[in-house]
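Report on the following structure.
As the structure is a prediction and not an experimental result, all values here were calculated from the model.
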Amino acid sequence: MKKLNISWPALVGVVVAFTLISCNNQKAQEKYEKEQAIANINIPAFEEVFEKANREMDELPIDEIIIPEGLEVEEEETSFTR
C-alpha cells in the first residue's frame with residue numbers, strides 16, 4: 001500500500017470548506033422551513049371578521065331609549081331596522 005502524503009494546510013482547508021458548506025446548508029434549510037411556516041398561517045379575511053362582529057352586534061338586546069325629563073321629542077320611534 002502506498003502511504004498518502006497529505007499536507008496539513010490542505011487538510012485544514014478541506015475541513016474548513018466542509019464546515020462552511022454544512023453551515024450554509026443548515027441556514028438555507030432553516031430559512032426554507034421558516035418561509036413554509038409563514039405561508040401556512042391562516043389569517044381570516046376581513047369579511048369573515050366583519051360578518052361575525054355584525055352577527056354578534058345584531059344578537060345583542062336593545063335597551064329602551066331613555067328620554068331625559070324636560071326634553072321634548074316630537075316623534076318616538078320604537079322600532080329599529082336591521
Side-chain angles (χ1 to χ4, degrees):
M1 284 180 126
K2 287 188 175 184
K3 195 175 189 182
L4 291 175
N5 200 8
I6 300 175
S7 64
W8 286 105
L11 182 61
V12 170
V14 169
V15 170
V16 169
F18 180 77
T19 304
L20 291 174
I21 291 171
S22 296
C23 289
N24 189 28
N25 287 344
Q26 185 178 3
K27 285 182 182 179
Q29 182 180 3
E30 289 172 359
K31 181 180 177 185
Y32 174 76
E33 289 172 356
K34 184 178 179 181
E35 288 174 357
Q36 292 300 316
I38 289 173
N40 290 333
I41 295 174
N42 293 326
I43 300 173
F46 173 77
E47 291 82 14
E48 293 174 6
V49 176
F50 183 73
E51 287 174 5
K52 181 180 177 187
N54 249 359
R55 244 181 290 125
E56 289 174 359
M57 289 293 289
D58 287 344
E59 293 171 0
L60 289 175
I62 299 174
D63 293 337
E64 183 180 331
I65 298 174
I66 301 172
I67 301 172
E69 291 180 25
L71 182 66
E72 295 181 21
V73 179
E74 293 178 8
E75 187 178 313
E76 288 186 29
E77 286 190 32
T78 57
S79 64
F80 293 94
T81 56
R82 290 190 176 200

- [ ] Please answer: with hydrophobic residues joined when any side-chain heavy atoms are less than 4.5 Å apart, are Leu20 and Val12 in the same cluster?
- [x]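 Yes, same cluster.
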TODO: List the steps and the verdict of side chain to side chain contact (heavy atoms under 4.5 Å, CB included) for Val15 and Phe18.
DONE: CA-CA 5 Å; Val15 170; Phe18 180 77; 5.8 Å; no
Open item on the list: With side-chain contact (heavy atoms from CB on, under 4.5 Å) as the test, pick out the partner of Glu33 among Gln29, Gln36, Lys31.
Closed with: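 Running side-chain contact (heavy atoms from CB on, under 4.5 Å) over Gln29, Gln36, Lys31 with Glu33 returns exactly one hit, Gln29.
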